[in-house]
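First comes the structure, then the notes that go with it.
Everything quoted here is computed from the prediction, not taken from an experiment. Note that these values count all heavy atoms, side chains included, but never hydrogens, waters or copies made by symmetry. By convention in this document, chain letters (A, B, ...) are assigned in the order of the sequence lines, proteins followed by strands, and residues within each chain are numbered from 1.
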Protein chains: 2
Amino acid sequence: MAREPRPRGQSVRMIDVAKLAGVSQQTVSRVVNGHSNVGAEVRDRVERAIAQLRYNRNWAAHALATNRSMNLGVVSHSLPVHGSALVLFGVAEEARRNGYTTSLVTIPRIDSAGIRTALDTLVADAVDGIIVLAPMTAAAPVLLGLDPEVAIVRFEQGSPASSTAVSMDDALGAQLATRHLLDLGHDTVWHVGGPPGWMASEARRAGWLSELARRHRTVNPEFCTEDWTADSGYRAGVAIAEDPTITAVLVANDAMALGVIKALTERGIDVPGDVSVVGFDDMSEARYFQPGLTTVRLDFNEVGRLAVDRVLRLMGGEPAELIPVIQPVLVVRDSTAAPGQRRARSAS
Amino acid sequence: MAREPRPRGQSVRMIDVAKLAGVSQQTVSRVVNGHSNVGAEVRDRVERAIAQLRYNRNWAAHALATNRSMNLGVVSHSLPVHGSALVLFGVAEEARRNGYTTSLVTIPRIDSAGIRTALDTLVADAVDGIIVLAPMTAAAPVLLGLDPEVAIVRFEQGSPASSTAVSMDDALGAQLATRHLLDLGHDTVWHVGGPPGWMASEARRAGWLSELARRHRTVNPEFCTEDWTADSGYRAGVAIAEDPTITAVLVANDAMALGVIKALTERGIDVPGDVSVVGFDDMSEARYFQPGLTTVRLDFNEVGRLAVDRVLRLMGGEPAELIPVIQPVLVVRDSTAAPGQRRARSAS
DNA sequence: CTCGCGCACGTGACCGATCGCATCCGCATG
DNA sequence: CATGCGGATGCGATCGGTCACGTGCGCGAG
């Protein structure tokens, strides 16, 4: 009752290689997997046969027999926010260097249900490990309260070093930026915060707050936004323009900073002459904004590398050591300067 | 000689479900796969058992038996160019909606060897179909000359409609932009081209050239660039600033346009007063550049959707119908205006 | 009343690889 | 010369499903 021998794509099997090389299938397996106890002459013969037949190991069969899929799952929010894509590429690259493929699942909504669904999809696809790129406050509880049937590493921002999360010190970045502004002579610094629910928003706000507190400066309410887009920044900028006492503002990312500057400039307020603006992320275009944007540089690519490295170790059952926190760097360009003009203007 | 019954992760098997439901494994399979010939009562019992055991079908076993991995491969260049990430997300989303996962492979170098390697990696991973996001001229020959053991759809720019490539009409976009500039009253339009080797560069140049020819305008040599970054644009902008006869320039993407504007503005040349600038892509920040950038909008997300749709059809052996070409839309903002001032300046 | 047909469900082979063991061989040892 | 030993290689079971077929059942037609 033999059915069609080779239904689709005349795939070469291990047994075919074995026949050609005149050995058993087991021996081919040994060669393929690089086991040591194979004679040099036989190994050579097998390798020649593999090359000749253009043999590729059947992935599914291998996965079934070993119970490892050599596949890493990545769940990412679908918003095209600056850092995400960079992290994603970093992950894909590093995974491949380690012989792993990556499966991408995007989550439209960022609530815990969405994350659960994505995670379930992934475990159903039998990934060996999962990297969650959803640095949102709602994500952490879900992830932590999960049955760890599979290794999970998450990306966080502003959290202390952890053994299961790669983190960036966004708070320090915000401190650096705030300090820079204060050192320039500004009385205090205002803040255009990121949208609620994002760890980056909270961490950056916290850093801003702490530096203000350290220097005993007055803290003004932050300008709130709905997303990370330049649109949101623009709206905040309109509000900022109406308050002539504001001379320095730390914006939670570069795109929004662009919007802020646009709103300000349109209203005849000079940056940095009247108001100094600092962004966050250092997207590649930031240098060419008008004026060149002073911002905080974050290495998103490194996040991907670290995450893969960590999840692989986790799978290997290595002891849980802390992952180094990625450090931000302040990049000073032309959107910040000493205060002066504007207060004079408001005084007139 | 039974080895450890359940080595890792006490995974639930179909047979376990079958036992609990008091049916055969085959019946469980029928339920799982939604076959019709199962009694309502039995189906219900099985579904209850599945839920109770939190059963997940073993992906590898399924793939092995069916010879389909339900996995789509995506090869993408690793450069964080604007459109790529958007297309990628579009692909991931649409794939998942169809029950497919996506495996991402990035290629550092863009030569044919790199593409081959990526493709080999993917077929070794037994993907059912491949989407190649490498709209470079070097890619097409490699892809076409390939043994089509697996369905491949590629992303192109400026190519005519094809049944195996989703394409954007970049040439038309460039024509539209050039026409806009000419209609504004400019004698001719200069061009900052994209880096060599990219289909987008060629298509956009071709569109620009054709519109110029149609209107019998003088064609000036284009400004060449090395990559798509604002850096490159800036360098081109410096050169443009030195030629006072230039009043209108079409830049091959938004990031470079930003650089051009920066260079111009720094040198006291007003945009659009002295020089009109048009970009390409309509990245989300473009509207908030200073001035708001007139540009050509391209729907990259749609590319992802179409590509997945097509590759799935291809796998299903459907007849090769043409994929609709994605149409560009000119978005007029504030970086373009009628000419005048600058020539006056140069005449003085 | 019996035969045949369609539906529901079970049985056994098979997908392509890995793994534990048995086997075979050659060489050094007592 | 018999024995031991270790490296190279083959055998059969197994991973968790799917598929083609076989079987038992109920029901309408002849």
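- In this structure, CZ of B:Arg68 is placed 18 Å from P of C:dC15, rounded to the nearest angstrom.
- Between B:His35 atom NE2 and D:dT18 atom P the separation is 8 Å, expressed in whole Å.
- Summarising the geometry, the separation between CD1 on A:Ile15 and C1' on D:dG12 is reported as 13 Å, rounded to the nearest angstrom.
- Residue A:Thr27 has a polar side-chain atom (N or O) positioned under 4.0 Å from OP1 or OP2 of D:dG10.
- Residue A:Val32 is out of contact with every strand shown, counting any heavy-atom pair closer than 4.0 Å.
- One interatomic measurement links the two molecules: CG of B:Asn58 to C1' of C:dA17, which rounds to 14 Å at whole-angstrom precision.
- Between A:Met70 atom CE and C:dA17 atom C1' the separation is 15 Å, expressed in whole Å.
- Between B:Gln26 and B:Leu64, it is B:Gln26 whose nearest contact on DNA chain C lies nearer the 5' terminus.
- Closest to the side chain of A:Asn37, from the set C:dA17, D:dA8, C:dG10, is D:dA8.
- OP1 or OP2 of D:dT18 lies within a sub-4.0 Å distance of a side-chain N or O belonging to B:Ser29.
- Listed for the B:Arg68 side chain is no donor-acceptor partner under 3.5 Å among the backbone atoms of B:Ala63.
- If you take CD of A:Glu41 and C1' of D:dG7, they are 16 Å apart, rounded to a whole angstrom.
- Close to C:dT18, at under 4.0 Å from its OP1 or OP2, lies a side-chain N or O of A:Asn33.
- Put simply, B:Arg57 has a side-chain N or O that comes within less than 4.0 Å of OP1 or OP2 on D:dT18.
- Considering only side-chain atoms of B:Ala65, the nucleotide from D:dG10, D:dG17, C:dC9 that sits closest is D:dG17.
- Applying the 3.5 Å distance criterion, the base of D:dG17 shares a donor-acceptor pair with the side chain of B:Gln25.
- The pair B:Arg45-B:Glu41 meets the salt-bridge criterion, with a side-chain N (NZ, NE, NH1 or NH2) lying under 4.0 Å from an Asp/Glu carboxylate O.
- Under a 4.0 Å N-O distance rule, the pair A:Arg116/A:Asp120 does not qualify as a salt bridge.
- Residue B:Tyr55 places at least one side-chain N or O closer than 4.0 Å to OP1 or OP2 of D:dG17.
- A donor-acceptor pair under 3.5 Å is absent between the side-chain atoms of B:Ser159 and the main chain of B:Ser167, judged by distance alone.
- In this structure, the CG atom of B:Asn67 is 11 Å from the P atom of C:dA17, given to the nearest Å.
- If you take CZ of A:Arg45 and P of D:dA8, they are 14 Å apart, rounded to a whole angstrom.
- Among the heavy atoms of the strands lying under 4.0 Å from B:Arg30 is at least one base atom, whether or not backbone atoms are also near.
- A donor-acceptor pair under 3.5 Å is absent between the side-chain atoms of B:Asn33 and the main chain of B:His35, judged by distance alone.
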